[in-house]
Every structure is written in C-alpha cells, then in structure tokens.
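Report on one structure; see the data block that follows.
Whatever order the structure lists ligands and atoms in, that order sets their numbers, starting from 1. Residue numbers count from 1 along this sequence.
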Amino acid sequence: MQYSIQEIGTILGVPVNKEGSDKISILLTDSRKLALPAETLFFALETKNNDAHIFIGELYEKGVRNFVVSKTFPEWADFGDANFLKVKNSLSALQKIAAYHRKRFNIPVIGITGSNGKTIVKEWLYQILEKDYNIVRSPRSYNSQIGVPLSVWQLDDDSQLGIFEAGISQPEEMGKLEPVIRPTIGVLTKIGEAHQENFVSLQQKIMEKLELFVNCDVFIFDEDNHLVAECVDQMVLSQKTFTWSRKSRDAHLYISAVKKKGEKTVINYSFLDFDDSFTIPFTDEASIENAISCLAVALYLHISPTGISSRMAILEPVAMRLDVRKGKENCIIINDTYNSDINSIKIALDFQQQRKVDRHLKKTLILSDILQAGIPPGSLYKKVAGMIEQSGVERVIGIGRDITTHQDLFSTPEKSFYLTTDQFISSGEWKNFDHELILLKGARRYHFEQIGALIEERIHETLLEVDLDAVVHNFNFYKSRLLSDIKLVCMVKANGYGAGAVEIAKTLQYHRCDYLAVAVAEEGIQLRKEGISLPLIVLNPEVNGFEELFNADLEPEVYNFRILEAFIKESERRGITDYPIHLKIDTGMHRLGFLPEQIPDMLSVLKKQKGLKVISVFSHLSASESWHFDDFTHRQMEIFRKAAEEIEQAFNYPVYKHILNSAGMERFSDTKWDMTRLGIGLYGISASGLPGLKNVCTLKTTILQIKHISSNETIGYGRKEKLERDARIATIRFGYADGLDRQFGNRKGKVLINGQYAPIVGNVCMDLCMVDVTGIKAEEGDTVILFGENLSVIELAESIGTIPYEILTSVSPRVKRIYIKE
Ligand SMILES: *Cc1c(COP(=O)(O)O)cnc(C)c1O
C-alpha cells in the first residue's frame with residue numbers, strides 16, 4: 001500500500017518541504033536493507049548506541065529522497081530535492097504512522113504477548129486459520145518497538161486477519177505498541193521470568209503486558225495462573241474475558257484431560273454445551289499450553305470442532321532460527337526451514353547478504369514453492385524474482401510446480417528448476433556446488449533437510465552451538481551501559497574465546513562494532529581472508545610476523561622498546577608513514593607494557609620518527625572483577641590516567657585511552673574513557689555476576705551406550721570409581737581430547753540430559769566419559785549438554801577451581817561449531 005509523502009506529513013503533523021508526488025510503500029529503519037529507494041521513507045532512529053542520521057548522506061546517494069529525522073545537519077543543504085520530515089522522535093513517528101495505517105482496517109486483529117510461546121502461538125494460529133482468512137502476521141519474532149510497526153505496515157486491502165506479537169523488556173513500552181496493533185482479540189501466553197531485569201516485580205511486568213489488551217473485544221488467558229488472574233482483576237478492562245483452565249469447570253474453556261501417547265498428546269475439552277477432543281503431534285508442556293491458547297482463539301472465531309481437530313493434528317514445529325553450517329567443497333550453508341512466505345524470504349536473503357563478506361563465495365538460493373495464500377502465483381513469483389535480483393543472488397534452484405511454471409520471471413545468471421526435491425537430488429546438480437554461500441529455503445513439505453544432508457560436511461554428533469543473537473544482545477547490553485561516544489573493542493582472540501572468531505567477527509562487523517582484537521597476527525590474517533575489514537589490534541605481536549602484519553593492515557600493540565624500534569625500522573624500510581599502533585602501559589599487572597618511568601624515553605623515540613602513529617594508549621586491570629582489590633584497581637586507573645595524559649600531551653592529535661575489560665565495564669562504568677575492551681561478557685559470562693546477559697555457547701554431544709552395572713563394579717580406567725549401588729551408566733562421546741578437564745571425573749562434574757543432571761563417573765577418558773543416569777530419563781542417542789544455559793560455565797569452572805575462560809577456550813578444534821540465529 002502506498003501513501004503520498006504529503007499524507008505522511010499530515011499524519012505526523014509536520015510540514016513537507018518539497019512539493020511532489022513521491023509515493024511511499026516502504027518504511028526503512030535499517031539502512032543496510034535498502035531495496036526500492038524511490039518508494040522508501042527512511043527513519044533516522046536514535047538509540048543509546050546508534051544514531052542513524054549518519055546514514056542519510058549514503059542513502060541519498062543511493063536515491064532515497066524521503067527522511068524522517070529528529071535533527072538536521074548543514075551538509076544536507078545540498079540535498080535540495082529531498083524531504084526532511086522533522087519530528088521530536090523518529091521512533092514515535094514510525095509508530096504513529098503504523099497506528100494510523102492500522103486504523104484503516106476494520107478486520108479482526110489478534111494481539112499476542114507473554115514471556116514464552118508468542119511466536120509459536122502466532123505461527124500455529126496462522127497454520128490453523130490460513131484456510132479461512134487471508135492473514136498478515138509478524139515475520140519471525142518481529143515484536144519490538146520497531147518490529148511491531150513494520151509488521152503492521154504490511155496490512156493491505158486484501159488482508160482479512162492480522163496476527164501480531166508484542167514483546168517488551170521495559171516498563172511503558174506496551175502503551176506504545178497497543179495503538180499500533182490495536183488488537184480486537186488479545187492472547188496472553190505463558191508468563192515467566194524472561195526480561196525481568198527491568199521490572200521491579202513479576203506483577204509489574206504482567207500489568208504492563210496487559211496494557212496491550214485495554215481496547216480488545218475479548219481477552220484470552222489461562223486463569224490457573226493466579227498472579228495473572230489477580231492482575232486482571234485489578235485492571236479496568238473494558239472487554240470480555242475468555243478464560244481457560246485445566247482445573248476449574250467454571251472457566252469458559254475447561255481442559256478436562258491431557259494424555260500423552262507416544263509422540264502425541266490427546267487433549268479433551270468442554271466448551272459451552274459440548275465436549276470434544278483433539279490430538280497434537282507434540283508432548284512437551286509448552287506445546288500443550290500453546291495449543292490450548294490456539295484452541296481458545298479458534299473456538300472464539302467459530303472454527304468447527306472437526307476443523308480444529310483436523311488442523312491441530314498436523315501442526316508443524318516452528319523453526320525459530322536460521323543456522324549456518326559448513327558445507328562440502330568450501331561452501332557455507334544457511335539453513336532456514338522457517339515457513340516459506342515472502343517476508344521470511346526477504347529476511348533470509350538479507351542474512352545471506354550479511355554473511356557474504358567473503359567475496360569468493362557465489363550466492364546461491366535453493367527455493368521451494370512458496371505457500372502463501374491470497375496472492376495470485378503470477379504476481380507472487382514476480383515479487384520474489386524481483387527481491388532475488390536485488391539481493392544479487394547469482395544462482396537460483398527452484399523446486400516445485402509453481403516456481404517451475406514461473407521460471408521465466410527469474411533473471412539470475414544461473415538458474416534451474418525441478419518439480420520435486422527428489423528430482424533435484426537425482427539430477428546430481430548438487431555435486432557441482434563449489435565455493436558457494438547456499439541459502440536453503442524450503443517449506444517443510446519439500447524436505448530440504450535431505451538436500452542439507454547431501455551437501456553438509458559430515459556431521460559429528462558433538463557440537464558447540466553458538467547463538468549469534470545472544471552475542472548481539474550481549475554486545476548491545478554493554479554498549480548501552482557506556483556513554484554513547486565510547487568505542488568498543490571486541491575481543492575475538494583465542495578463536496573468539498572458543499566460539500569461532502570468524503563468525504563472531506562477521507556478526508560484530510555487521511552490527512558496527514568499532515574495533516576487534518586478536519592475540520597473534522595469524523588470527524588477524526585469517527579474519528582478513530574472511531572479509532573482515534574492521535580495524536584489528538594484535539595484542540601480542542612478534543617481530544617475526546611483521547611482514548604479514550603490515551600486509552594485512554593489522555594494528556600492533558607496542559609493549560616495549562624492542563618491538564617499538566623494530567616497527568619503526570620496518571615502517572621506514574617500507575616508506576610508510578603514520579602506521580597505527582597502540583601503546584601498552586604496565587600499571588600493575590606486570591605482564592606486557594612500558595612501565596610509567598619509561599614513558600619519557602619512549603616518547604622521545606616516537607617523536608623522532610614518522611613511520612608510526614599512536615592511535616591509542618591502554619593498560620589492563622589485574623583484578624577488576626573483585627571488590628577486594630578495588631583500591632588497587634583505582635590506583636591502576638590513576639597511574640594510567642597520568643601516563644595517558646603525559647603521552648597525549650606529546651602529540652598534537654587526540655589519542656584514545658582505554659583500560660576497562662568486561663568486568664571493568666560492569667563495575668566501573670562511571671569512569672570515563674574513550675574506548676573499552678569487551679571480552680568474556682560478549683560470550684555471555686559476567687565475571688561480576690551482573691544479570692541480563694544471554695548464554696552464547698552450548699556444548700552438546702550424544703549418548704553412545706547405556707547399560708545396567710551392579711553395585712561393587714568399578715567404572716573406567718584405574719578402577720577409580722566403585723559403585724555403591726546398582727546403577728544405569730551412560731557412555732557419552734566426549735573426553736579430555738575434546739576439552740573435558742580430567743578433574744571433572746569421579747563425580748566432580750556433571751552433564752545435563754533431558755533437563756536432569758547426571759554426574760560424571762570414573763576417570764574421564766580421551767574421547768569418551770561415563771555418566772550415572774540412574775533414575776534419569778535417558779536413552780541411547782539422546783543429547784547430552786556439557787555446558788550451556790542451565791549448566792553454566794561459571795559453575796563448572798568453580799567446581800574444579802579454574803575460570804570460565806579456560807573452560808570455553810579448551811573446547812577442542814575438532815568439535816564442530818554451528819551458528820544459530822533467530
Ligand atoms: C583478553 C583481554 C581483555 C578482555 O578481558 P575480559 O575479561 O575477557 O573482558 C581486555 N584487554 C586485554 C589486554 C586482554 O588481553
């Protein structure tokens with residue numbers, strides 16, 4: 001749908017400076033996702049971390065002419081043919097336009113909030129209702145202050161039902177989303193502790209969430225949650241409530257029985273004057289609860305009980321994430337099994353673009369028929385082909401009847417089409433993939449996992465799963481604690497604390513981190529080869545590695561006279577001037593660095609040369625995490641401040657100063673520096689116990705064998721462990737060669753199997769170890785978690801007297817890393 005720019009000016013109540021007939025169809029908040037410049041209205045959002053006004057020049061160059069801004073800059077005077085709509089707050093303006101757009105539609109709109117299950121309930125409602133309505137819904141989990149308006153903006157004249165989710169992490173956010181969604185049907189999913197840190201109590205968080213429902217016709221919730229029921233009582237809600245319960249027959253919808261049978265669950269219910277039942281192909285509690293929420297909505301919308309039971313029976317799991325895996329023949333495979341609709345294709349293509357920093361990889365897309373009701377196939381595939389062309393995909397493989405019928409619409413350099421997945425597999429075309437970045441995007445019924453299995457590198461069942469969304473969350477978490485102009489150096493040394501430096505660096509580069517740091521030149525060179533162009537500091541450079549260091553534009557830490565003089569010589573030999581270096585001062589750690597008393601001599605050496613330029617001066621704290629040593633830490637900072645001033649005064653340009661690491665940022669965020677260095681916190685571990693970080697790494701393996709062993713038998717090498725009772729012992733595929741410290745043996749350590757802890761028994765072997773699964777639900781082939789969300793690296797480290805850093809970096813390179821992203 002389009003709005004004229006004049007109309008938008010009127011909605012926002014601001015003048016439009018240029019006459020003209022520009023039609024706006026795209027609201028853009030992320031300059032990297034520019035698609036059709038002429039129809040784009042860019043919102044220059046300002047957050048604590050970023051100010052998007054800086055991208056306006058670049059967008060103007062690319063043809064964008066309409067901008068919503070909250071300030072103006074003199075250099076825009078040249079952009080005479082552009083419109084600048086000046087508002088107080090660009091985000092509020094975005095929400096206002098979406099709210100205006102929403103008002104034009106007199107259709108049912110389902111608004112979903114809660115702590116868990118929002119996206120699943122939304123997707124399942126879509127699966128249940130798509131036959132009856134032409135539905136617009138939030139793509140993936142676009143439920144933020146920005147995601148919600150962008151979701152609602154998709155409503156158009158064909159829409160018959162909207163399903164939107166809203167997520168909040170702070171007080172007062174829901175009040176802003178309510179007019180944008182303006183739900184007629186409200187659904188509250190499970191309430192838990194997620195995003196609790198900004199609320200004083202669970203009650204406050206619930207009350208806040210309920211704000212979404214103040215104007216609904218009906219509000220659906222689980223009345224067995226007493227806290228929710230109490231909050232509902234306190235709210236002045238104008239609408240009807242529709243409650244469900246597993247305990248009380250007085251609820252509108254009474255769930256009379258829930259029986260698990262093998263892989264399925266049968267749910268019996270009473271509603272009005274009838275009893276019925278249906279089956280879902282899941283057995284976990286969360287799925288049962290989510291299915292009941294969907295049932296309530298379906299009943300409210302008068303879907304017949306037979307319709308409900310036939311659709312519930314084929315509910316599909318919702319793949320929430322994209323994952324990135326290594327393929328054969330130097331390919332990288334992005335696997336996205338999320339429902340194949342047009343929005344999710346756009347998101348996946350953006351993600352592919354983001355990963356394509358390495359120029360040698362060809363962009364390939366394997367795409368199935370798109371299952372999207374409501375748009376005639378001709379215009380649907382035209383749109384998709386346009387999107388693909390814009391995103392620069394070089395090779396398209398289409399699988400399915402519809403896409404094959406419309407193959408002429410695709411204009412990529414290479415293309416081929418198959419009616420079925422089997423046909424593609426037997427064609428053998430997949431055997432010639434080579435150096436490609438392959439996006440696999442198929443609706444579930446096309447079983448693209450079969451293609452994945454052929455082109456992925458052999459999968460070991462031992463994996464380190466790295467959550468890239470959590471990395472971004474943690475990055476922003478620290479960024480938001482800093483004053484806005486402080487630069488962040490992210491540590492990707494030691495292969496990104498074990499998580500894999502390349503993918504972490506790509507993610508940080510995309511999210512506009514300022515600087516990266518590695519320990520040795522080889523690490524930096526590898527990152528350069530993979531397309532990382534951010535400035536990179538090498539912390540422990542060696543005189544031997546100079547050649548490569550200069551060639552790869554790596555910026556050395558200079559910590560003594562030997563290195564300093566060698567660098568000066570090399571820069572002079574190469575005829576370079578102003579090569580960037582970072583000076584390290586030893587303020588008490590006594591590892592690397594110039595001592596304060598060496599500074600005058602160092603400065604006189606530096607002043608006599610032109611080859612090097614000091615970009616920053618820094619020092620490292622020895623005990624920033626420990627309040628025991630706060631006096632010492634303050635003394636280190638004082639020594640550093642003096643040293644840095646002395647150095648800065650010697651030059652006629654500003655020099656960045658930095659001393660804080662992760663724990664330093666957590667505990668001394670009030671001290672002012674120009675840069676900080678984020679390490680372990682990025683990987684989800686707070687040395688000072690600060691809440692709010694997300695777990696990044698999960699180490700997983702599988703059970704190879706389970707057997708019953710009698711009391712008095714011994715387990716493993718050296719007969720260290722003698723069983724005191726009969727036990728069920730599982731052997732798992734992980735040993736000290738994979739990075740499991742031998743100290744975890746003999747019940748010092750534990751693993752997590754199906755949500756329960758199992759102690760490690762006997763000595764840890766090289767490639768295997770044994771765990772006691774007596775009384776625990778465990779089968780051969782089950783997944784075993786060695787660390788992750790509910791088995792924290794911090795706790796593990798403490799149990800054997802080491803630090804989280806060692807546990808993370810000890811995971812052997814032979815353990816495959818996979819990267820996931822929502
Ligand atoms: C590793 C390192 C850091 C990061 O430390 P964390 O405790 O992981 O935040 C910062 N500065 C230097 C010099 C380092 O070597």
TODO: Report, in ascending order of atom number, the atoms of ligand 1 lying under 4.0 Å from any heavy atom of Y497.
DONE: 1 (C), 4 (C), 5 (O), 6 (P), 8 (O)
Task: Protein contact of atom 11 (N) of ligand 1 - nearest heavy atom, named by residue and atom, plus distance - done: R677 NE, 2.8 Å
Open item on the list: One pair to check against ring-ring contact (aromatic ring centres under 6.0 Å, His included): Y656 and H582. What are the steps and the verdict?
Closed with: CA-CA 9 Å; Y656 293 130; H582 302 265; 8.5 Å; no
Open item on the list: Within ligand 1, which atoms have a heavy atom of G679 less than 4.0 Å away?
Closed with: 4 (C), 6 (P), 8 (O), 9 (O)
Open item on the list: Against ligand 1, does K493 come closer than 4.0 Å with any heavy atom?
Closed with: yes
Task: Pair E465 + K700, salt bridge at N-O below 4.0 Å - done: yes
Open item on the list: Are W673 and F640, when compared by the centres of their aromatic rings, separated by less than 6.0 Å?
Closed with: yes
TODO: Determine the interplanar angle of the F561 and F594 rings, folded into 0 to 90°, and report it as parallel if under 30°, tilted if 30 to 60°, perpendicular if over 60°.
DONE: perpendicular
TODO: Check whether any N or O atom of L678, backbone or side chain, sits under 3.5 Å from an N or O atom of ligand 1, and answer yes or no.
DONE: no
Open item on the list: What protein heavy atom lies closest to atom 7 (O) of ligand 1? Include the residue and the distance to one decimal.
Closed with: Y805 OH, 2.6 Å
- [ ] Quick one: look at R591 and ligand 1, take heavy-atom pairs under 4.0 Å, and tell me if it's side chain, backbone, both or neither.
- [x] side chain
- [ ] Among all protein heavy atoms, pick the one closest to atom 9 (O) of ligand 1 and tell me residue, atom and distance.
- [x] S662 OG, 2.5 Å
Task: D630/R667 ion pair, N-O < 4.0 Å - done: yes
Open item on the list: Would I680 count as a polar contact of ligand 1, with the cut-off being nitrogen or oxygen pairs under 3.5 Å?
Closed with: yes
- [ ] Could you tell me whether E547 and R573 make a salt bridge, using a distance below 4.0 angstrom between a side-chain N and a carboxylate O?
- [x] yes
Open item on the list: Students should be able to answer this: which protein heavy-atom is nearest to atom 12 (C) of ligand 1, and at what distance?
Closed with: H620 CE1, 3.4 Å
Open item on the list: Using a 3.5 Å cut-off on N or O atoms only, is N661 in polar contact with ligand 1?
Closed with: yes
Open item on the list: Could you check whether R591 and N540, counting side-chain N and O atoms only, form a donor-acceptor pair closer than 3.5 Å?
Closed with: no
Open item on the list: Can you see whether H590 engages D586 through a side-chain donor-acceptor pair at a distance of less than 3.5 angstrom?
Closed with: yes
Open item on the list: Under 4.0 Å from a heavy atom of L539: which atoms of ligand 1 are those, numbered in the order shown and with their elements?
Closed with: 15 (O)
